[in-house]
Amino acid sequence: MFKNRDLTKRVGWSLVIVMIYVLGQKIILPVIDPSVAQASLENRTLLQTFGVMTGSQFNLPTLFSLGIGPYMTGMIVWQAITSLGLDSIEHLSQRQMSYIKKWIALIIAILQALQIIYYIQNALINFPYLGGGKTVAMILVGLFLVAGAMLSIFLGDFLAQRGLGGSSLLILPGILMGLPRMLSAGWGKLTYNLTQDHLIIAGIVTVAVLFILEGVMNAERHFQVQRPMLEGDLKNSYVPLRLLTAGAMPFMFSSSLFRIPSMILTTKNMQESEWGKFLLHITDYQTWAGVITYALVLCFLGFAFGLITVQPGQLAKNMKESGEYFLNIFPGDDTAAFLFRRFSIITMLGNLLLIVIGVTPLILAILWQQPGLANYSVYFGSLAILVSITDNLVKQYRALSQKNNYRLY
């Protein structure tokens, strides 16, 4: 008999929900030709890479193709809104904020569904009812995609309440199954052949990078906090700032942001114009200009997502309201400025590590004239997301498994 039945139930529910999610990504949508749709999407490497990073599946239109991608993107949008410190936002109840998050996710799901429909329009089959035609088929596919996205959000919420890992656990199967693709064709154009020798090298590199990521993503700096209203051990506290304040988020969106110009410049006239050539040159990962641009993108995302996560101003406000302060630092604006300075320094160091992890493969690919090595850049990003998810899962599992061991006396 298990000592912790709650933990056993949570593990069981987590396995069931993940199985349902994976099964839903295998249910092909109606009124489409699967072979034509797959051919239309297989060259959308950037879209598929983004799908792997966010728990979506864009190889073939299925019920859960959008997955929890809209919800994750919506959460980032919501965090950016809350970081503005608007009074109207702060006075919202948890229930109201939950509804707003869902509406943001719904809007993003609709936009992503329209994008998928645009890509697979040649694969749509005329619907025999309601007047027929492809217009009805487009509407049906869009409804299925959006409904699948909202059902995925429901499954993620259910995991948060009764399972382990929350919504992020739904990303885990896609990351694990997508690792070979990230390594062999991460950037889409150049293939890294997975021969026996290459697999051995990849295995050694993977172990080393996982070891580095595990240490780096858990490294943090503690700042001692004074709590005069409390006595005893509770008086000693600190504010932790992680070295990678943004976690794995920069890797999740860096390739998509980096490749935006190539997605926009689709016509020959646009590509051959002076500004078109310039944009394509600085976003080509096979050039030194592209390497520098990608490094800047990682730095920007590391700082932006880190600032949204930490929110120094809000943190300083919360400390002032609870009567906490740093030694020799006045509460309020001085504390906010102190936190922002420390955040900037720590994030700068963390961004340097992001650059080393994400850009080194691109540099080696140019120096050694082995273009396929550039795929390691996207592959390392997938590993970073994998480490982030598993760390969160392990910590939650340990906390639940040990909660019955605590004794007051």
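Just so it is clear, the model here is predicted, and its values are computed rather than measured. For this chain, numbers begin at 1 and follow the sequence in order.
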For this session: For residues Tyr294 and Tyr285, establish whether the separation of their ring centroids is below 6.0 Å.
Result: no
Exercise. Is any side-chain heavy atom of Phe64 less than 4.5 Å from a side-chain heavy atom of Leu155?
Worked result: yes
Exercise. Which pair of heavy atoms, one from Arg242 and one from Gly247, lies closest together, and at what distance?
Worked result: NH2-CA, 4.2 Å
Problem set entry | Beyond-backbone contact of Leu60 with Pro34, side-chain heavy atoms, under 4.5 angstrom | yes
Problem set entry | Counterpart residues, side chain to side chain contact (heavy atoms under 4.5 Å, CB included), relative to Ala295 (two or more places apart) | Ile355, Val359
Exercise. So does Glu321 have more than 12 non-hydrogen atoms from other groups sitting under 6.0 Å from CD?
Worked result: yes
Side-chain donor-acceptor distances from residues 158-174 under 3.5 Å, at least two apart:
unit_1	atom_1	unit_2	atom_2	d
Ser168	OG	Gly165	O	2.7

Exercise. Would the number of heavy atoms belonging to other residues, nucleotides or ligands and lying under 6.0 Å from CE of Met177 be above 12?
Worked result: yes
Exercise. Is a donor on one side and an acceptor on the other found under 3.5 Å between the side chain of Gln25 and the backbone of Val22?
Worked result: no
For this session: May I have all residue pairs that pass ring-ring contact (aromatic ring centres under 6.0 Å, His included) and include part of residues 380-402, sequence neighbours excluded?
Result: Tyr376-Phe380
For this session: Measure the CG-OG1 distance between Leu23 and Thr62 for me, rounded to the nearest 0.5 Å.
Result: 10.0 Å
For this session: Would you check if Leu29 and Pro61 make a side-chain contact, meaning some heavy-atom pair closer than 4.5 Å?
Result: yes
Exercise. Looking only at heavy atoms, which two atoms of Ala37 and Ile32 are closest? And how far apart?
Worked result: CB-CD1, 4.4 Å
For this session: I would like to know whether Ile76 and Met249 meet side chain to side chain contact (heavy atoms under 4.5 Å, CB included); could you show each step before the answer?
Result: CA-CA 10 Å; Ile76 295 171; Met249 296 299 290; 3.1 Å; yes
Exercise. Which distance, rounded to the nearest 0.5 Å, do you find between the CG of Leu63 and the CG of Leu151?
Worked result: 6.5 Å
Exercise. Will you find, in the side chains of Tyr325 and Thr335, an N or O donor that is under 3.5 Å from an N or O acceptor?
Worked result: no
Exercise. Got a sec: does the CE of Met348 have more than 12 other heavy atoms crowding it under 6.0 Å?
Worked result: no
For this session: Report yes or no: does Gln112 contribute a side-chain atom to a donor-acceptor pair with the main-chain N or O of Ala109 at less than 3.5 Å?
Result: no
Problem set entry | Check: Thr195/Asp197 side-chain N/O donor and acceptor closer than 3.5 Å | no
Seminar exercise, completed: Closest heavy-atom pair, Ser65 versus Leu145, reported as atoms and distance to 0.1 Å, is CB-CD2, 3.9 Å
For this session: Would you sort out whether Phe251 and Leu298 count as a side chain to side chain contact (heavy atoms under 4.5 Å, CB included), showing the intermediate values?
Result: CA-CA 7 Å; Phe251 289 115; Leu298 281 174; 4.3 Å; yes
Problem set entry | side chain to side chain contact (heavy atoms under 4.5 Å, CB included) between Val225 and Met319, intermediate numbers included | CA-CA 9 Å; Val225 173; Met319 290 178 62; 4.2 Å; yes
Seminar exercise, completed: Taking every heavy atom of Val146 against every heavy atom of Ala113, the minimum-distance pair comes out as CG2-CB, 4.0 Å
Seminar exercise, completed: Rounding to 0.5 Å, atoms CZ (Arg181) and CG (Asn375) come to a distance of 10.0 Å
For this session: Go through the steps for Val239 and Phe326 under the test side chain to side chain contact (heavy atoms under 4.5 Å, CB included), then give the verdict.
Result: CA-CA 10 Å; Val239 171; Phe326 296 112; 4.0 Å; yes
Problem set entry | Qualifying side-chain hydrogen bond (donor to acceptor under 3.5 Å, both in side chains) pairs, either residue in residues 340-359, two or more places apart | Thr245-Thr347
For this session: Hey, could you give me the CD1/OG1 distance between Ile108 and Thr73, rounded to the nearest 0.5 Å?
Result: 5.0 Å
Atom pairs and distances, side-chain donor-acceptor, residues 100-107, under 3.5 Å, sequence neighbours left out:
unit_1	atom_1	unit_2	atom_2	d
Lys102	NZ	Ser98	OG	3.4
Lys102	NZ	Asp157	OD2	3.2

Seminar exercise, completed: Output for pair (Thr309 OG1, Leu315 CG), nearest 0.5 Å, gives 12.5 Å
Problem set entry | Trp78 CH2: over 12 foreign heavy atoms closer than 6.0 Å | yes
Exercise. If you look at every heavy atom in Ser388 and Ala248, which pair is closest and at what distance?
Worked result: CB-CB, 4.2 Å
For this session: Could you tell me whether the side chain of Ser377 and the main chain of Leu362 form a donor-acceptor pair under 3.5 Å?
Result: no
Exercise. Does atom CG of Asn218 have more than 12 heavy-atom neighbours from other groups under 6.0 Å away?
Worked result: yes
Problem set entry | Check: Asn318/Gln314 side-chain N/O donor and acceptor closer than 3.5 Å | yes
Exercise. Does a side-chain heavy-atom distance below 4.5 Å link Pro312 with Leu307?
Worked result: yes
Problem set entry | Least distance between heavy atoms, Leu339 atom then Ala316 atom | CD1-N, 4.0 Å
Problem set entry | Thr293 side-chain N/O to Thr283 backbone N/O, donor-acceptor pair under 3.5 Å | no
Exercise. Among pairs that include at least one residue of residues 298-318, which meet ring-ring contact (aromatic ring centres under 6.0 Å, His included), considering only residues two or more places apart or in two chains?
Worked result: Phe253-Phe305, Phe303-Phe343
Exercise. Under 4.5 Å between any side-chain heavy atoms of Leu383 and Leu179, yes or no?
Worked result: yes
For this session: Rounded to the nearest 0.5 Å, what's the gap from CG on Leu279 to NZ on Lys277? Could you check?
Result: 13.0 Å
Exercise. Side chains of His222 and Gln224: do they bring a donor and an acceptor to under 3.5 Å?
Worked result: no
